Amino acid sequence: MRRYLIVGSGVAGVSAAQTLRRLDPAGEVTMVSYDPFGYYSRPGLAYYLTNEIGEKQLFPFQEKDWQALKIRRLRAWVSRLHPAEHRLELSDGASLVYDRLLLATGSQALPLGIPGADLEGVVKLDDLADARRILNLCKRARRAIVIGGAITALELVEGLRACRLQVTYLLRGSRYWSGVLDETEARLVERRLAEEGVHILPHTELAAFQGQRGRLTGAVTTTGQHIPCDLAAAAIGIAPRKELAAAAGLRTERGILVNDYLETSAPDIYAAGDVAQIVDPLTGEAALDTLWGPARRSGAAAAQNMAGEAARYLKQVPFNVTRLAGLPVTIIGRVGQGADQDVAGIVRGDSETWRQLPNAIIVEQSYEVNRLRLLVGERALVGAVVMGDQTLSRPIYELVRGGVDLSSCREALFSSPRPAEVIGEFWRSWRAQSET
Amino acid sequence: MKITHLWHAERKRREARAAGYVVPEPARCVQCGICSFYCPIEIDVRRHAWEGIPVHESYCLTCGECVARCPRGALSLERTSLYQREG
Ligand SMILES: Cc1cc2nc3c(=O)[nH]c(=O)nc-3n(C[C@H](O)[C@H](O)[C@H](O)COP(=O)(O)OP(=O)(O)OC[C@H]3O[C@@H](n4cnc5c(N)ncnc54)[C@H](O)[C@@H]3O)c2cc1C
């Protein structure tokens, strides 16, 4: 009987556990995680903050689902890994041995490296414990500031607004999420935030937090401006939790390096999800994704390999649907705008691929709240940002993923005042053709 | 809720009533649970989305609440075969 060990109870770990159970019904599967809440929807934390759902709804699995899965679940902190002995050490000194090990340790928020960041009232949003802390602080807080970029910072802004706090959103650069959104898209989001009463301060960088008796009372900017606040939320980027692997001598870079079978450099050890930095055999590049979908898929693929079924994990065109200031937004493939001063490295719900500058021409169409930006490469679509109406997001995803030759509609795309209709029409005829 | 959201929800509901069933697109789903929470008869729509199985339960009201509420556009209504020729 094979002993499988999974570190992490996030979506990568859970999807691995399900796959292992299916492929090896007799295998012994143990999942270790220090998170007291186990498995829940991390993206759902945003809707918990806005009070669209209660805490109970964050948990996709009920007790009966765990029983059906027949795995052992342990709550413990894994402190060391001994690859040669096929053994893990827990913080209480106990040991766990394995035949196959999956590291699905996820990622965590980068700390704000400024004085006062340890004051009560300075928060981040990594897990359910953080969300609870924020909601608790909101009961007596009145003025909040938010620092950072991308999706999580905006989720914090909206969550704090929903708690009726006065919110000031500080941007280091001139606009929101400049690494991915273009100027028009960013302004659209900013305008909607302003309508919701959020005060945006561009070109503002924090130097320090100030407090009294251990509690946050304000912040000071690099230009000496004082901003009073009793809550400060930061989302400046994240780092994969690779320490366990690195300390054990496994090859790591920004994450744990794995090949397309999700194998690390050590025998019988695999990595999946946010922590895995997967080498693309086509380009030789190793990129990070911090997305729910790829975490689930890579967890399942790692489990297939652990159970002895050789399964290559092919990265798909990254794709994320999210809500920015109430607008549904889908980001597909490469849409890069270059550098973003509000985030360091990679952020939540992100893919490094998005920021790679495509060698493409941009076709865009915007309405009052709907906007479509297509990035047209030499031959095919390489990326898109779909804001507002989502009708076209799936067709466009299919065209980007399939690298479909656009030659026949290229001219029309550039000359038409309505590229959305051109691409929609093209997709319909392409699909009709591929169905026959 | 903003007026545009209300309008959107109402439109989706009307579309739903035009008969059909709820089909999830698992790649868009992040298991947030909003769909299951708002289902008036407590169908676990989220589980369907995890497993990629359409909501075929005969007691589904096709009220469209889950489709309208999903913040990720992961749910849609597909017409049943009876209506297919019209589409
Ligand atoms: C607020 C928020 C919003 C998000 N929004 C989106 C979104 O819109 N779209 C999207 O696609 N993705 C989004 N994400 C990202 C998505 O949730 C992650 O990509 C996904 O959860 C990664 O899953 P994982 O299993 O790799 O890691 P995680 O879910 O982070 O799980 C890691 C697990 O490892 C455990 N662990 C780590 N180290 C140890 C140790 N030493 N000992 C024991 N246990 C350990 C942790 O307790 C945890 O259980 C969001 C994330 C957050 C936090």
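All chains are named by letter (A, B, ...) in the order of the sequence lines, taking the proteins before the strands, and each is independently numbered beginning at 1. Keep in mind it's a predicted model, so treat the numbers as computed, not measured.
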Worksheet item: Which of parallel (below 30°), tilted (30 to 60°) and perpendicular (above 60°) describes A/Phe61 and B/Trp50?
Response: perpendicular

Practice prompt. Would you mind checking which part of B/Arg72 comes under 4.5 Å of any heavy atom in chain A, side chain (CB onward), backbone (N, CA, C, O), both or neither?
Written response: both

Is [X] close to chain B through its backbone or its side chain, or both, or neither, when contacts mean heavy atoms under 4.5 Å?
{"X": "A/Arg394", "value": "both"}
{"X": "A/Ser393", "value": "both"}
{"X": "A/Gln18", "value": "side chain"}

Worksheet item: So does B/Glu42 have more than 12 non-hydrogen atoms from other groups sitting under 6.0 Å from CD?
Response: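 Count not over threshold, so no.
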
Discussion item. Under the criterion side chain to side chain contact (heavy atoms under 4.5 Å, CB included), I'd like the reasoning laid out for B/Gln31 against A/Leu58: C-alpha separation, chi angles, the key distance, then a yes or no.
Written reply: CA-CA 8 Å; B/Gln31 294 286 295; A/Leu58 290 170; over 6 Å; no

Fill in: B/Arg28 and A/Phe319: CA distance, side-chain angles, deciding distance, side chain to side chain contact (heavy atoms under 4.5 Å, CB included) verdict
CA-CA 8 Å; B/Arg28 283 177 170 261; A/Phe319 158 87; 3.6 Å; yes

Under 4.5 Å between any side-chain heavy atoms of [X] and [Y], yes or no?
{"X": "A/Ser41", "Y": "B/Cys32", "result": "yes"}
{"X": "B/Ile34", "Y": "A/Glu52", "result": "yes"}
{"X": "A/Arg42", "Y": "B/Val30", "result": "no"}

Fill in: Leading residue by heavy atom contact count with chain B [cutoff under 4.5 Å; candidates A/Gly293, A/Pro43, A/Gly44]
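Most heavy-atom pairs within the cutoff with chain B belong to A/Pro43.
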
Discussion item. To the nearest 0.5 Å, what is the distance between CH2 on A/Trp292 and SG on B/Cys29?
Written reply: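 One gets 8.0 Å once the value is rounded to the nearest 0.5 Å.
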
